Amino acid sequence: MGVAGSFPGSTGRPPGPDMDRDEADRALDRLGAEHEAIETSLLALQDHAGRRLLEGAELSGVTRERWAATERSITLLWGYFDAYAGALAEAREIRARRRHPNREDLAALTGLLRGDAVTVANTAALPNASPTGPARLSERFTLQELVGRMNELYAESLDMVVASDSVWSALPARIDLLSAELHRTRSLAHSVGVRPGEHPAGDDLVEITGELTALRARVIADPLAFWVAGPGSAAPGGGRPDTSRYDRAARALEDVRREIEAVLAVRQDAEARLMRLRDVLSRADRTLTEARSARGEVLAKIAASEVPAVSGPPTALQERLAAAAEYRRHARWHRLSPLLESLEREAEDELLRARESLTSVTAPLAVRAELRGRLDAYRAKVTRHGLAEDPVLIERYDAARRMLWSAPCDLRAAGQAVLRYQQAAAELLTPHRVAGPRDRRGDEGEIR
């Protein structure tokens with residue numbers, strides 16, 4: 001790289017008049033400030049932690065390709081900067097010759113500061129060079145054009161470095177923390193019998209372990225594979241780390257952790273739950289025993305009645321309850337947990353069925369009891385009114401009572417007999433209803 005003066009026959013002069021002294025001084029001040037800013041940025045890029053990590057990493061995939069191109073860009077960037085600094089130094093040297101520069105000095109300064117005075121060799125290395133176009137050994141730039149090229153190369157290089165550093169800053173540490181949590185969860189799972197091949201959560205832990213190992217290795221070797229371009233990032237081009245794989249692994253581990261917590265809860269209250277199950281099944285068994293006894297009584301005491309059959313004791317549930325006790329005895333908590341949950345549901349259902357069976361079986365006895373109560377109530381009513389010795393009432397009462405207190409009892413016939421007694425009592429009690437408002441209210445309340 002060099003300035004235009006190094007090549008014979010090229011002046012690098014821009015069109016138009018030469019600069020005067022004030023214009024040249026202002027241009028030198030501006031270019032000097034740009035030189036300092038560019039140098040500061042280049043040194044910061046050189047010392048950037050992401051760049052140092054990229055230099056020492058064994059890269060792969062898109063990151064290796066991008067880093068190779070970025071290294072070439074950084075090398076070219078420093079070459080541009082050296083050419084820029086050389087042109088600026090030459091201009092300062094010309095300006096320092098005289099306090100009041102002559103015409104030749106101003107012409108030279110104009111060519112350096114405004115013209116395409118900087119020639120850079122090997123322009124095929126430029127990012128925008130056409131690989132199919134004619135090869136050019138050099139390319140001429142103005143200082144302003146050279147600053148524009150340096151800005152482009154710097155922004156592209158910094159984007160790549162910052163994106164890689166952002167991924168490395170975001171993901172490996174989080175993966176390590178998740179791996180530590182995975183290790184604790186795996187130890188806890190082993191203590192409660194959640195192992196690969198024996199419980200789905202154990203298989204999930206193996207899968208999550210493999211995923212985190214592979215994910216960390218890929219993040220370290222190819223960080224740009226986990227970079228999503230777009231706004232919302234510290235990188236100049238914008239973007240953010242892609243944490244979707246990490247997030248899926250974290251959610252999977254959380255699901256396993258909840259499963260193991262459920263197993264732990266089973267271990268802590270397993271005995272109490274087993275006792276409650278035994279009690280529920282015992283009540284169901286007693287209720288079925290009562291229903292079977294009641295069914296025999298109904299068949300013996302109630303005539304022409306269809307009595308539903310009563311199922312046997314819940315032996316299948318008892319066997320599964322015994323299996324649950326064995327799981328607890330051998331600390332197989334991962335198998336005990338789902339078994340207890342299903343047993344608790346089925347035991348409550350069994351108790352409900354037993355109660356419904358008892359209610360269904362004893363329904364005829366309940367009907368008989370209701371008829372007996374109604375007959376006695378009307379007997380007491382007519383006795384209060386002094387009508388108990390009425391021959392019709394005595395006859396109908398005795399007929400109804402014989403039916404209700406004999407075995408087997410015909411409920412249909414007994415119900416009709418009670419109704420006949422009720423009707424006869426109502427007919428006799430009618431004159432007494434008009435005795436007064438108080439008596440009428442009392443009679444009506446008792447009849448109902």
Side-chain angles (χ1 to χ4, degrees), residues 177-212 247-295 308-362:
L177 288 174
L178 191 61
S179 296
E181 177 64 24
L182 172 63
H183 178 74
R184 290 190 293 270
T185 304
R186 199 164 49 230
S187 299
L188 187 59
H190 186 81
S191 70
V192 295
V194 176
R195 299 181 178 88
E198 297 182 9
H199 192 282
D203 298 331
D204 291 341
L205 286 174
V206 172
E207 184 176 344
I208 295 169
T209 300
E211 168 64 6
L212 289 182
D247 294 336
R248 285 194 297 271
R251 287 193 296 269
L253 181 58
E254 178 62 21
D255 291 341
V256 172
R257 189 184 61 79
R258 284 197 294 266
E259 177 68 21
I260 294 172
E261 286 179 351
V263 174
L264 281 172
V266 170
R267 183 174 69 176
Q268 292 170 357
D269 62 0
E271 182 57 30
R273 292 174 71 181
L274 285 171
M275 290 180 63
R276 286 195 296 271
L277 275 170
R278 293 189 186 100
D279 178 64
V280 171
L281 291 179
S282 177
R283 282 186 285 157
D285 191 21
R286 292 194 303 270
T287 303
L288 288 175
T289 300
E290 184 180 354
R292 284 190 291 272
S293 176
R295 186 173 188 273
V310 180
S311 62
T315 55
L317 290 180
Q318 293 288 357
E319 292 172 358
R320 293 173 63 197
L321 182 59
E326 282 295 308
Y327 286 157
R328 180 186 178 279
R329 190 173 300 111
H330 294 92
R332 304 184 72 178
W333 311 111
H334 60 291
R335 294 189 180 277
L336 180 59
S337 176
L339 180 56
L340 282 178
E341 290 178 2
S342 63
L343 276 174
E344 286 167 342
R345 292 192 301 270
E346 295 174 27
E348 290 294 338
D349 291 343
E350 183 64 27
L351 179 58
L352 179 61
R353 282 193 294 270
R355 288 171 173 168
E356 290 174 348
S357 180
L358 177 61
T359 301
S360 178
V361 164
T362 58

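Since the structure is predicted, the reported quantities are computational estimates derived from the model, not experimental observations.
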Inset, instruction - Kindly write out the residues that satisfy side-chain contact (heavy atoms from CB on, under 4.5 Å) with R257, not counting sequence neighbours, or none if the list is empty. - result: E181, E254, E261

Inset, instruction - For R283, check salt bridge (Lys or Arg N to Asp or Glu O under 4.0 Å) against everything at least two apart and list the hits. - result: D279

Inset, instruction - For T287, enumerate each residue passing the side-chain contact (heavy atoms from CB on, under 4.5 Å) test, keeping only those at least two apart in sequence or located in another chain. - result: L351, A354, R355, L358

Legend entry - Residue list, side-chain hydrogen bond (donor to acceptor under 3.5 Å, both in side chains) with D247, at least two apart or on another chain: T243

Legend entry - Residue from D255, D203, T185, L253 passing side chain to side chain contact (heavy atoms under 4.5 Å, CB included) with I208: L253

Inset, instruction - Can you sort out the partners of Q318 under side-chain hydrogen bond (donor to acceptor under 3.5 Å, both in side chains), two or more places apart, ordered by chain and number? - result: none

Legend entry - For E344, all residues meeting salt bridge (Lys or Arg N to Asp or Glu O under 4.0 Å), sequence neighbours excluded: R273

Legend entry - Counterpart residues, side-chain contact (heavy atoms from CB on, under 4.5 Å), relative to A249 (two or more places apart): L178, E211, L212

Inset, instruction - Establish, from distance only, whether the side-chain atoms of R286 and T289 form a donor-acceptor pair under 3.5 Å. - result: no

Legend entry - With R278 via salt bridge (Lys or Arg N to Asp or Glu O under 4.0 Å) - residues at least two apart: E271

Legend entry - Counterpart residues, side-chain contact (heavy atoms from CB on, under 4.5 Å), relative to P338 (two or more places apart): none

Legend entry - Main-chain N/O of H190 paired with R195 side-chain donor or acceptor, under 3.5 Å: yes

Inset, instruction - Could you name each residue pair satisfying ring-ring contact (aromatic ring centres under 6.0 Å, His included) that touches residues 250-270, not counting sequence neighbours? - result: none

Legend entry - Residues forming a side-chain hydrogen bond (donor to acceptor under 3.5 Å, both in side chains) with E356, sequence neighbours excluded: none

Legend entry - Residue list, side-chain hydrogen bond (donor to acceptor under 3.5 Å, both in side chains) with E346, at least two apart or on another chain: R320

